[in-house]
Every structure is written in C-alpha cells, then in structure tokens.
Amino acid sequence: MTESIIATDLVALDVSAGADKTEVIGYLAGRITDAGRSTSVDGLVEAALAREAQSATGLPGGIAIPHCRSAAVTAASLGFARLDPKVDFGAPDGPADLVFLIAAPESGGSQHMKLLSALARALVRPEFTASLRAAATPEEVVALVEEVIAPKPTTPATPAATAAPAAAAPATSAPSGKPSLVAITACPTGIAHTYMAADALKLAAERAGVELTVETQGSSGSTPLSAQTIADAGAVIFATDVGVKGRDRFAGKPVVASGVKRGINEPDVMIAEAVSAATDPNAARVDGAAAASTESAAAQVGIGGRLKQALLTGVSYMIPFVAAGGLLIALGFLLAGYQIGKSTVSEGMSDGAYYALHNSLWNLPPGGLLQYLGAVSFAIGGAAMGLMVAVLAGYIAYAIADRPGLAPGFVAGVLAVTVNAGFIGGVVGGLLAGVVALWIGKLRLPQWARGLMPVVIIPLFATLITGGLMYMILAGPLRWVNEEMTSALNGMSGSSKIALGVVLGLMMCFDLGGPVNKAAYAFGVAGLGLAGAGPAQWEMMAAVMAAGMVPPLALALASTVLRPSLFTEPERENGKAAWFLGASFISEGAIPFAAADPLRVIPSMMLGGAVTGGLSMALGAQLRAPHGGVFVLFAMNGTWWKFLIALAVGVVVSAVTVVAAKSFTRSSAAAVESAEPAAVAA
C-alpha cells in the first residue's frame with residue numbers, strides 16, 4: 001500500500017475538541033491540513049458539514065464518522081479524536097466519544113475507497129471500538145486501524161466485517177426453513193454508511209439463521225446480485241439514502257425499505273420484517289411505484305418534508321431546460337434583435353420560429369445570415385423553454401411515485417400549458433399525478449398482473465385520472481389563478497414593486513443555492529415563462545438575478561480588496577474565484593465563506609441582496625434571460641446600466657457590512673484554522 005491513511009499526528013486522545021460537532025470537525029480538519037494532506041481547512045469543513053446536513057453521522061455506541069469527498073483533500077486520510085467530554089453527532093443513544101473524520105480526495109481511486117470503507121465496516125464490531133477506547137497512545141490507535149484496513153498476511157482469517165468490501169457476498173447462515181433475502185445498501189457518499197449497514201445486516205442475518213446476500217452500491221465499486229440470487233430471494237431489503245441502481249431487477253419482490261442508518265441501528269428488526277414480508281401476501285412489493293420506499297421516506301421526513309423534496313426535485317430538473325432555453329433566446333435577441341420574438345408573420349408562431357422553419361442556409365430570409373442564425377437560436381431556445389412546465393410537473397410526480405409517475409406527470413404539465421394554467425398548474429398537476437400514481441401502485445393485484453403495473457397499468461390509469469381531473473375540474477380555477485397572478489404582477493408599481501424586490505433579494509441570499517434561493521429563482525423564471533410576459537416579469541427576473549449575484553461578488557470584494565486580513569488564506573483564494581462565479585450568477589460561490597462564519601456572513605449578504613432587489617425594481621431594470629449574469633447584459637432591453645447600479649450598490653453594502661461584522665471579533669473560520677484544541681473548545 002502507499003502512504004497510510006492514518007498517522008500519529010492525526011490522532012488525538014482524550015481531548016476537548018469543541019462544544020459541538022462543527023468545532024470537532026474543524027479541529028480534525030485542522031490536523032489533517034497541518035499534516036499536509038489537505039490544502040484548505042475551510043474546504044474540508046465545508047464538505048463534511050454538507051454531508052452532515054444530509055443526515056447525522058452519529059452511530060449507536062458513542063461513535064461518529066463524519067466523512068466527505070473534497071477537492072481540498074490531497075491524500076485519503078483519517079483524523080481520529082477520543083473526546084472528553086463527549087459531543088452530540090445526532091446518534092439515537094447520545095453523544096459520541098470516538099470520532100473519525102474520513103476525508104477522501106474528490107477523485108480518489110478505488111483502493112482508497114476500499115480502505116476507508118473497511119474501517120467503517122470494522123466500527124460495527126464491539127471489540128474494535130473497545131480497543132480504541134482502551135488504547136493508551138496514538139501509536140496503538142494507528143496499529144488498530146491499520147490492522148483492519150490492511151491486515152498482515154500472517155494474521156488469522158479476518159472476520160467478514162473487517163474485510164475490504166466484497167459486494168454481493170452472502171453471509172453464512174443455517175437454512176432453517178426461512179426464506180433467503182437480498183439487500184441493497186447505499187448512502188450519498190458511498191464511503192461509510194453503505195458498508196456499515198451491509199455488515200450490520202449480515203451479522204443480524206447470521207443471528208437469525210437467515211441467508212442474506214448484500215449488494216453494496218458504494219464508492220469502492222459493487223458486484224451486482226446475480227439474476228438467480230434475486231429470483232431465489234423471498235424478499236429484498238433497501239437500506240438506502242439514494243436511488244437504488246437497477247431497481248427494476250426486484251420487481252414483484254416483497255420489500256422492506258428505509259434509510260441507510262436504520263440498517264445500522266436496527267438490523268435485527270429489518271431482517272425480521274423482511275422474513276415476515278416474504279410470506280405475507282399483503283406485503284409491500286417492488287412494483288415500480290416505489291410505494292414502500294416512498295412510505296419509508298414519508299415516515300422519516302413527514303408530509304411537509306416530502307412536499308418540499310418533491311417541489312425541489314421538479315425545480316432542479318427544470319433549471320437546465322430554463323438555463324439552456326433562456327440563454328439561446330437571449331442569443332437570438334443579440335443576433336436578430338427583439339423583433340424576432342414577435343408574432344407578425346404567422347398567427348400563433350413567433351417570427352423566430354417562422355424564419356427557422358421556412359428558411360435554411362441555402363435560402364436565407366431577407367435579413368441575411370445573422371437574422372437566420374438568431375431565428376434558429378430563438379426557435380431552439382423557445383422549444384426548450386416550452387418544456388419547462390412539463391419537466392417541472394413530470395419530475396415532481398417522479399419524486400413522489402418514482403418512474404411510473406413520469407408519464408402522468410409530463411402529461412399533466414403539458415395540459416397545464418394547454419389550459420393556460422402555467423407554472424402553478426404544473427405544480428398542482430405534478431403533485432396530483434404523483435399521488436395518483438402512488439395510490440394505484442398500492443393496489444393489490446394478482447401475481448400475473450404485477451409485472452404490468454409499472455409499464456402499463458400505472459401510467460395508463462394515472463394519466464387518465466390526472467388528465468381528466470385537469471380538464472374537467474381544475475382547468476378553470478388554475479387558469480384563473482394564473483391570470484390573476486399575471487395581472488397582479490403587471491399592475492405592481494411604486495412601493496409594492498419595491499417590496500417584492502426586497503423579499504426576492506432576501507430569499508436569494510438566505511441559503512445561497514438552497515431551497516429558499518431555488519424558490520425565489522423559480523418564482524422569477526415562472527413569471528418569465530408566462531404567455532403574456534412583459535416588463536413586469538422582466539423586472540422581476542432582473543431583481544432575482546442581481547440579488548443572486550451579490551453574495552459571491554461582495555465576499556470577493558471584502559476578502560481580496562477591502563480587508564483581506566480578516567479572512568483566512570483559503571478564503572482569500574476562494575475570493576479570487578468568487579469574482580467570476582458572482583459575475584456568472586452562481587450564488588454558490590459564497591458557500592465556503594457562509595459555512596465558515598454563517599452568523600456574520602449570511603445576514604450581511606441578505607442585507608445587500610435586499611438593497612439590490614428593491615433598487616433593481618425601483619429603477620426598472622429588465623431582463624429577458626433567466627441565467628448568465630453579466631454575460632447577458634444584451635438581453636436587458638437597454639436597462640443594463642440600471643441593473644449594474646443596483647448590483648454595485650448591493651455588493652458594496654454587503655461587503656462593508658461583512659467587514660464591519662468581522663472586525664468586532666475573529667471569524668469562526670479563522671479560529672478553527674489557527675486555534676489550539678483548548679481554544680477551539682472555549
């Protein structure tokens with residue numbers, strides 16, 4: 001093996017490394033960086049906290065395994081701290097005293113992933129964690145860890161829990177009349193929880209005398225379950241936080257589904273549930289509607305959380321269509337002028353679409369080559385933008401009912417446009433299609449009909465029911481809501497218009513690419529996509545984009561020009577990149593700063609965003625493109641100077657505010673990077 005992933009300078013025993021998990025992660029990230037294995041404390045902390053935000057990494061038994069992949073990591077590393085006092089990492093049985101920070105390079109090879117996952121698997125063994133607690137020196141800890149990730153050839157056969165991951169390897173069992181089982185385990189990063197859940201389930205299966213074969217869909221690769229193994233299995237367990245690859249292989253099988261952490265925390269219960277499901281004719285099955293998995297998700301996050309996830313899924317899939325279509329439309333305006341979007345040559349068709357359809361490079365329109373290229377660009381962009389509502393509705397339904405929700409969801413989106421219900425109709429239609437598809441998927445049909453469920457029965461009847469409701473009941477009310485919203489936007493003036501800009505600015509800067517930011521952006525794009533879009537909608541889009549550009553530009557100004565000494569060296573480097581990110585309307589360029597010092601950075605950015613949003617609306621800046629930053633100034637109807645004034649004022653306000661806030665006390669990012677453990681704890 002190459003350089004070991006753990007060394008004595010990465011081990012701290014019986015230390016007070018902080019009052020909460022953020023400080024502990026910062027402390028261990030500092031040790032890894034000081035050892036020359038990472039180029040940025042902040043980058044490593046940011047990646048680890050982003051993983052923590054997905055789900056807590058605390059495990060039963062006083063263990064925590066924060067982990068991540070990061071471009072800042074130059075060599076796969078393990079930072080270990082035995083804490084005194086313990087710190088809460090979200091485990092169900094209390095705080096942790098054994099904390100491993102698992103840091104993997106963003107492009108780490110499979111060998112490193114195997115080493116990291118081998119450690120994670122060893123943590124399910126009580127004797128291993130007991131040895132870590134009994135270790136007297138860092139050298140002992142290093143020896144213990146190296147033994148499980150790279151056992152010596154002379155060592156007796158290593159238990160399955162400590163071996164490098166061998167996906168789809170069956171656990172030993174005694175056939176006792178109980179059905180065989182198969183399982184899939186997967187977590188977002190595929191480093192730790194994936195393999196810990198696999199081994200916890202295998203050990204539970206051994207205790208229950210059940211044959212279990214596990215496929216780990218993790219970073220170190222996986223060996224798919226054979227078709228015969230799946231066919232012989234009485235039931236399947238999905239312990240996953242991400243989509244199951246090759247889910248269709250298990251169609252018709254009884255299923256027990258949950259998040260990956262339940263596979264670690266309650267493996268015996270899941271094995272018992274799977275054994276019971278194998279002989280229960282009413283058990284949930286993998287029928288393409290994802291009923292079991294979505295019900296499990298509902299139990300974990302609740303109705304409100306599921307609704308938010310569905311809407312964000314729809315918006316996230318919609319944005320690439322909007323960005324590509326909007327930029328192509330803007331390019332059409334640049335090449336052929338704004339008249340290309342008018343409908344003068346054929347009723348119901350824009351000039352751009354007409355010229356693109358009725359001309360070619362060998363038969364140019366009167367305006368010549370540039371007008372023709374502009375027409376083609378506009379026509380392509382219009383086609384992409386025309387899919388916006390359908391894609392939104394389709395993937396909202398997909399988030400609720402998995403793949404069987406796609407057909408009724410897309411149809412609902414098309415119908416929303418047909419009945420002039422617009423963006424609101426797409427949201428309602430997508431939710432309706434997803435719920436209907438999910439409900440149909442729960443129906444208990446004869447065995448011979450179950451194979452038809454995902455490809456015929458669910459799409460057919462869900463599309464029929466959703467489409468019928470959209471046409472016969474919802475068309476009128478949704479059209480009225482859409483028209484009233486359009487009328488209200490067109491009628492906004494004075495203080496009401498400015499207030500809307502302030503609110504949109506606050507939302508764009510609140511979570512820097514998160515759900516609130518995406519909601520504000522989707523609102524702006526929805527106005528831009530209205531059939532009667534005009535100055536009111538263009539002004540709203542300009543306010544949204546300008547406010548979203550404020551955070552990265554303001555932090556770039558503060559960290560590289562105004563007061564670089566208030567920022568850490570990694571932050572100053574990030575500040576250089578943030579100039580381009582901000583100019584391109586990529587709000588996420590501010591995340592490294594906000595993650596390191598949220599209490600000072602986020603309010604400062606929100607203040608500047610509110611100023612920019614309100615000022616943009618007050619000045620009447622207009623924008624016809626939904627993305628692009630300063631690179632689409634040509635799509636601003638001659639109001640680009642108003643846009644730049646509003647942007648510049650907000651950037652200065654945020655930059656001055658964050659500098660003032662950081663001047664009172666040292667930023668938490670600098671404290672994490674430079675303080676000793678005791679200082680960090682204080």
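Values reported hereafter were calculated over all heavy atoms of this structure, with side chains retained and with hydrogens, waters and symmetry mates removed.
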K.L.:
Take E206 and L212, measure what side-chain contact (heavy atoms from CB on, under 4.5 Å) needs, and give me the verdict at the end.
P.N.:
CA-CA 8 Å; E206 289 180 2; L212 172 70; over 6 Å; no
K.L.:
Can you name the nearest heavy-atom pair linking V651 to L553, along with the distance?
P.N.:
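Scanning both residues, the minimum pair turns out to be CG2-CB, 3.8 Å.
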K.L.:
With rounding to the nearest 0.5 Å, note down the distance linking CZ in R249 to CD1 in I230.
P.N.:
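Answer for the CZ-CD1 pair, R249 versus I230, is 5.0 Å.
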K.L.:
Could you state the interatomic distance from NZ (K576) to OG1 (T560), rounded to the nearest 0.5 Å?
P.N.:
8.5 Å
K.L.:
Quick one: side chain to side chain contact (heavy atoms under 4.5 Å, CB included) partners of S276, sequence neighbours excluded?
P.N.:
none
K.L.:
Quick one: are L10 and R37 in side-chain contact, heavy atoms under 4.5 Å?
P.N.:
yes
K.L.:
Can a donor-acceptor pair be found, under 3.5 Å and without considering hydrogens, that links the side chain of E215 to the backbone of I184?
P.N.:
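No; zero donor-acceptor contacts below 3.5 Å.
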K.L.:
Kindly say whether A75 contributes a backbone atom to a donor-acceptor pair with the side chain of S77 at under 3.5 angstrom?
P.N.:
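Checking the backbone N and O of A75 against the side chain of S77, a donor-acceptor pair under 3.5 Å is found.
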K.L.:
Checking T657 now: which residues fulfil side chain to side chain contact (heavy atoms under 4.5 Å, CB included) with it, not counting sequence neighbours?
P.N.:
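Here the qualifying residues are S604, L607, V653.
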K.L.:
Is the shortest heavy-atom distance from the side chain of L203 to the side chain of P267 under 4.5 Å?
P.N.:
no
K.L.:
Heavy-atom distance under 4.5 Å between the side chains of L49 and I25, does that happen here?
P.N.:
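With C-beta onward as the side chain, the pair touches.
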K.L.:
Give the minimum heavy-atom separation between S663 and L566, together with the two atoms involved.
P.N.:
OG-CD1, 3.6 Å
K.L.:
With sequence neighbours left out, what residues match A655 under side chain to side chain contact (heavy atoms under 4.5 Å, CB included)?
P.N.:
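Expected list: A554, L557, A558, L562.
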K.L.:
Quick one: are P66 and F89 in side-chain contact, heavy atoms under 4.5 Å?
P.N.:
yes
K.L.:
Under 4.5 Å between any side-chain heavy atoms of L44 and C68, yes or no?
P.N.:
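The answer is yes, as the side chains (C-beta and beyond) meet within the 4.5 Å cut-off.
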K.L.:
Hey, does T229 have a side-chain heavy atom less than 4.5 Å from the side chain of S226?
P.N.:
yes
K.L.:
For the residue pair F250 and F238, categorise the inter-ring angle as parallel (less than 30°), tilted (30 to 60°) or perpendicular (more than 60°).
P.N.:
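Perpendicular, since the angle between the ring planes exceeds 60°.
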K.L.:
Taking all non-hydrogen atoms of both residues into account, name the closest pair between G548 and P552 and its distance.
P.N.:
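Closest pair (atom of G548, atom of P552, distance): O-CD, 3.9 Å.
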K.L.:
With a 4.0 Å cut-off on N to O distance, would you call K202 and E211 a salt bridge?
P.N.:
no
K.L.:
Answer yes or no: is there a side-chain heavy-atom contact under 4.5 Å between F100 and L132?
P.N.:
yes
K.L.:
Is there a donor-acceptor contact under 3.5 Å from the side chain of S654 to the main chain of G608?
P.N.:
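Yes.
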K.L.:
Any idea which heavy atoms bring S38 and T74 closest together, and the distance?
P.N.:
N-OG1, 3.8 Å
K.L.:
If I take atom OG1 from residue T213 and atom CG from residue L201, how far apart are they, to the nearest 0.5 angstrom?
P.N.:
12.0 Å
K.L.:
Mind running side-chain contact (heavy atoms from CB on, under 4.5 Å) on R563 and K662 for me, showing each step along the way?
P.N.:
CA-CA 10 Å; R563 290 290 300 278; K662 283 179 172 287; over 6 Å; no
K.L.:
CE of M606 to CE of M508: how many Å apart, nearest 0.5 Å?
P.N.:
12.5 Å
K.L.:
Using a strict 4.0 Å threshold on nitrogen-to-oxygen distance, state whether D9 and R31 make a salt bridge.
P.N.:
no
K.L.:
Kindly indicate, with the supporting measurements, whether the criterion side-chain contact (heavy atoms from CB on, under 4.5 Å) is fulfilled by C509 and I602.
P.N.:
CA-CA 7 Å; C509 300; I602 292 178; over 6 Å; no
K.L.:
Does any part of the side chain of P95, heavy atoms only, come nearer than 4.5 Å to the side chain of V87, both counted from C-beta?
P.N.:
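Side-chain contact under 4.5 Å: no.
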K.L.:
Among all residues two or more places apart in sequence or in another chain, which pass the side chain to side chain contact (heavy atoms under 4.5 Å, CB included) test with S559?
P.N.:
F567, F593
K.L.:
If you look at every heavy atom in I271 and A208, which pair is closest and at what distance?
P.N.:
CG2-CB, 4.1 Å
K.L.:
Could you list all the salt bridge (Lys or Arg N to Asp or Glu O under 4.0 Å) pairs where at least one residue sits in residues 72-88, not counting sequence neighbours?
P.N.:
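Those involving residues 72-88 are D14-R82.
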K.L.:
Could you tell me the separation between the CG atom of L98 and the CG atom of L59, rounded to the nearest 0.5 Å?
P.N.:
11.0 Å
K.L.:
Give every residue pair that meets the salt bridge (Lys or Arg N to Asp or Glu O under 4.0 Å) criterion with at least one member in residues 57-67, sequence neighbours excluded.
P.N.:
none
K.L.:
Measuring from L555:CG to L581:CG, what's the distance to the nearest 0.5 Å?
P.N.:
11.5 Å
K.L.:
Is the backbone of A19 close enough, under 3.5 Å, to the side chain of E23 for a donor and an acceptor to pair up by distance?
P.N.:
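Between the backbone of A19 and the side chain of E23 there is a qualifying donor-acceptor contact (under 3.5 Å).
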K.L.:
Do you know which two heavy atoms are closest between T185 and A197, and how far apart they sit?
P.N.:
CG2-CB, 3.9 Å
K.L.:
For L101 and F80: C-alpha separation, side-chain torsions, deciding distance, then whether side-chain contact (heavy atoms from CB on, under 4.5 Å) applies.
P.N.:
CA-CA 6 Å; L101 175 59; F80 173 73; over 6 Å; no
